[in-house]
Amino acid sequence: MKYDFAAIEQKWQEKWEKAGVFHAADHSDKPKFYGLVEFPYPSGAGMHVGHIKAYSGLEVVSRKRRMQGYNVLFPIGFDAYGLPTENYAIKTGIHPREVTDRNIARFTQQLKRVGFSFDWDRVVDTTEEKYYKWTQWIFLQMFEKGLVFRDTALVNYCPSCKVVLSNEDSQGGKCDICKSDIVQRSKDVWYLRITAYADRLLDGLETVEYPGNIKMQQVNWIGRSTGAFVNFGISGSDEKLRIYTTRPDTLFGVTFMVIAPEHPLIEKNRDRITNMDALEAYRAECAKKTEFERTQMNKDKTGVRIEGLCGIHPITGKQIPIYISDYVMMGYGTGAIMAVPAHDERDYAFAKKFGIDIIEVIRGGNVEKEAYTGEGEMVNSDFLNGISGKKESIARMIAELEKLGVGEEGVQYKMKDWAFNRQRYWGEPIPIVHCPTCGMVPVPYSELPLRLPAMENFAPGEGGESPLAKVESFVHCKCPRCGGAAKRETDTMPQWAGSSWYFLRYIDPLNEDALADPEKLRYWLPVDWYNGGMEHVTRHLIYSRFWHKFLFDLGVVPTDEPYAKRSAQGLILGPDGQKMSKSRGNVIDPLSVVDEFGADTLRVYILFMGDYGAAAPWSESSMRGCKRFLDRIVGLADTAKGNGVTSKNLESAFHRTIKKVSADIEEMKFNTAIAAMMELLNEIDKAGSVTVDEVKTLVSLLCPFAPHVCEEIWEKLGGQGLCSLAAWPVYDEAKTVSDTVEIAVQICGKLRAVVEMPTAASREEIAALAKADARVVAALEGKTIVKEIVVPGKIVNLVVK
RNA sequence: GCGGGUAUGGCGGAAUUGGCAGACGCGCUAGAUUCAGGUUCUAGUGGGGGCAACUUCGUGGAGGUUCAAGUCCUCUUACCCGCACCA
């Protein structure tokens, strides 16, 4: 039966808003549930079906929790600083503030039309002064604790966006925002010392409930390796060349050393090196390549030997040639390696190309043919000879190095410190003053927020200078320490800043004295369940864990980890099975679906499409099936008569469905939860009649998925109050089992009959009933049973000869 | 190259973790209702064989374990995702 979804949806959205049913209470005797979804970037394109899927999962969980009597915090906000808005503003001349406000208003309206149960009184916007005041406050706290520093570095620069990008934003050598090629530039940039938290970010993973693949990605991203630092000598000098290796056990197999082209050793020894021309030519060649190109050419090794300098082996004292090559990176370890060609594939390729000796120190392979990286007995290795455990030889070698004072155990991370700046307008100003006498001075806390100045032209300056540098009144200031003339920092923070702590602000969005009240933080934290996209697993998720741990150390937040549990939704693909994109023209607009089929249908379909965590293509006809389901539910309500239960069988089906839907929601198996309700509806149709009580139960189960139509039916059936606040149905385990059960009877593993028998039958009774079935009797004709397998409730298998 | 994942009808996907493969939905076929249908209802729908009861094959491929395998083991193929000269 078709229903007027447009009228119903508007009616109930208004009622919910008026009654404030989705407001979280700050203090409550109820158990709390904090469900968090990744807040959107309010782009000009408006909402995407992907947003709906991303929010629908915890929307259902949150609605279920409310019905279960929890005090639920399910907030939403806007991560509104960022380049697309700024670029749009530059193009159109409309101020980013105005663009942002407009986009937020549009998103808000769209989200409300889908009927999400967000607490709209707690909306945060990262670009508001009252919000970014605290982003700046956290930055200054980090500055005070020595976690903020400046360094000259080769940075990824996007010539199109005119902005310095982090490694994370320039993966694959392309700008994450505009997809143009990245070039390398030398620049003074801000860093956050996230590596200081590397171990804790790793160890903390043990204490949280994240899916295995997310943990794995974070572990790989942090990339901890243990090994040793070893100091090699330099011929004719008391200088040391320090290297990092994970295989100190192979130290006797070293036949050459390699340093990165940018390694300072070369500059320091200019006068002693006899082939500077060749080295500089090679360096110039490398500088032309982006980091991406450098890492792409991973097989063909190039390099130049440094003439006039030699390494000295720390134990044998042997002279060792040193090369420069771009297969060694300045950014990892010490920018220098000891090369053991016999047992490392890269060193092997290099040695073959340059005709360098290969010394086997671990037996087990054929070093004439290829590098051997496995384990084996140590040879040619002095005091290590005869040992065959890698662990033991490494430990012995490290002990020896420490005894001789030429090395020690060490740990390295792939993760680099976080380049924390943008030369753009639409971001949080970095609250630092550069004073000619005092150096870098933080803006006093009392002067926060340091406001983003009004500007007419926010196009970036040539050469990557921030547009803020053009605002004289902003730049020129007095040094907060000495009172002398000084200049403000003009860089702004990167887009990941505001999103690194937004979940804390939801807890107390209007607080003017603290980022949030400690009492409230203690009540709500940690976030019980956080859902978001896989694309944020290595950036946002690590950054925000880092900030949270820092705030924990400050005593600002009560938990070491911000998120107790994390899940991720899969993409919605276009009807053609391809990723949705404007250029492919396969984008589905959620609001046009709401117009045509209603918000409830959209919500049910998106969760019914398939595994919540997997990608699935859009199918309009499949969605129509969900509409049909809701229409049938509406029709069912009209035929409901009387109270109590219709029949024992149907009662049992209800209890089974309550059990399944309850459990499936907890595991985000929304597709099978909906399928179970469809099955129940089919059962009811078969039974031919249904009571008002039963329909109310079904509608309560469906309410988190399709809340508008459920409220309407609930009201029509005389339900108390709102369906959204009704008690979540409970099931009786005893009633989930029906009296009889169908048992499959196999003979030699082949299905021969299906026999209905009492659920309570004993093994013997089951076997007897099975053997009494006419078809089984026929099949057993002339055979002898050699084995009987009886699995109560499931199957009987008779093995015959 | 390393790490992780996936593979089931015409399609999206189920399968209580070793126990009737294909739930649920779409699509399709036939019939009914309707002036009409992108409506609604009824029945059917994995492949082959048979009028039928029934029978046989069947979860990317090849082996294996088991009374019993989509599920466990070995090998293999294809695709997807992440990292990528990390010393």
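Just so you know, these numbers use all the heavy atoms, side chains as well, and skip hydrogens, waters and symmetry mates. Just so it is clear: chains get the letters A, B, ... in the order the sequence lines come, proteins before strands, and each one is counted from 1.
Here A/Y244 does not reach the OP1 or OP2 of B/rA87: none of its side-chain N or O atoms lies under 4.0 Å away. Side-chain nitrogen and oxygen atoms of A/R624 include none within less than 4.0 Å of the OP1 or OP2 phosphate oxygen of B/rG27. Distances shown here put every side-chain N or O of A/N213 at or beyond 4.0 Å from the OP1 or OP2 atom of B/rG3.
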Q.
Checking A/Y323 against A/F350 for the ring-ring contact (aromatic ring centres under 6.0 Å, His included) test, could you report, in this order, the C-alpha distance in whole Å, the side-chain angles of both residues, the deciding distance, and whether it holds?
A. CA-CA 10 Å; A/Y323 291 78; A/F350 193 90; 5.2 Å; yes

(Q) I'd like to know whether A/K53 forms a salt bridge (Lys or Arg N to Asp or Glu O under 4.0 Å) with A/E38, so could you lay out the CA-CA distance, the side-chain angles of the two residues, the decisive distance to 0.1 Å, and finally the verdict. (A) CA-CA 12 Å; A/K53 185 165 177 188; A/E38 283 173 351; over 6 Å; no

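By the 6.0 Å and 45° rule, A/R566 does not stack over the aromatic ring of A/Y210. Figure legend: A/K669 and A/F608 shown without cation-pi pairing, the cationic atom not lying both under 6.0 angstrom from the six-membered ring centre and within 45 degrees of its axis.
A/Q412 comes within 4.0 angstrom of no nucleic acid atom, judged by non-hydrogen atoms across all strands. When heavy atoms are screened at a 4.0 angstrom cut-off, A/V799 is found touching the sugar-phosphate backbone but no base atom.
Taking the charged nitrogens against the carboxylate oxygens, A/D685 and A/R632 do have a contact shorter than 4.0 Å, which makes a salt bridge. Between A/K771 and A/E765, none of the side-chain N atoms (NZ, or NE/NH1/NH2) sits under 4.0 Å from a carboxylate O, so this pair counts as no salt bridge. Note on A/R763 versus A/E788: no salt bridge recorded, every NZ/NE/NH1/NH2 to OD/OE distance being 4.0 Å or above.
In this structure, A/K660 places its NZ atom 11 Å from C1' of B/rC24, rounding to the nearest Å. As rounded to whole Å, 15 Å separates atom C1' of B/rA23 from atom CE of A/M677.
Counting distance only, with no hydrogens placed and no angle test, the side-chain atoms of A/N220 and the base atoms of B/rC83 include no donor-acceptor pair under 3.5 Å. Contact of A/Q217 with B/rG4 (side chain to base): no donor-acceptor pair of N or O atoms is detected under 3.5 Å. Not a single donor-acceptor contact under 3.5 angstrom links the side-chain atoms of A/K414 to the base of B/rC83.
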Could I get a table of every N or O pair under 3.5 Å where one atom is in the protein and the other is in nucleotides 7-14 of chain B?
unit_1 : atom_1 : unit_2 : atom_2 : d
B/rG12 : O2'    : A/M609 : O      : 2.6
B/rG13 : OP1    : A/A615 : O      : 3.4
B/rA14 : OP1    : A/N671 : ND2    : 3.2

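Considering only the side chain of A/M678, B/rC24 comes nearest among B/rC24, B/rC67, B/rA87. Proximity note for A/R628 (side chain, C-beta onward) versus B/rG19, B/rA87, B/rC26: the nearest is B/rC26.
Listed by chain and number, the residues in a side-chain contact (heavy atoms from CB on, under 4.5 Å) with A/E209 are A/K565 (sequence neighbours excluded).
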**Q.** Where protein sits on nucleotides 44-56 of chain B, one letter per nucleotide: B base, S sugar-phosphate only, - none, heavy atoms under 4.0 Å
**A.** ----------S--

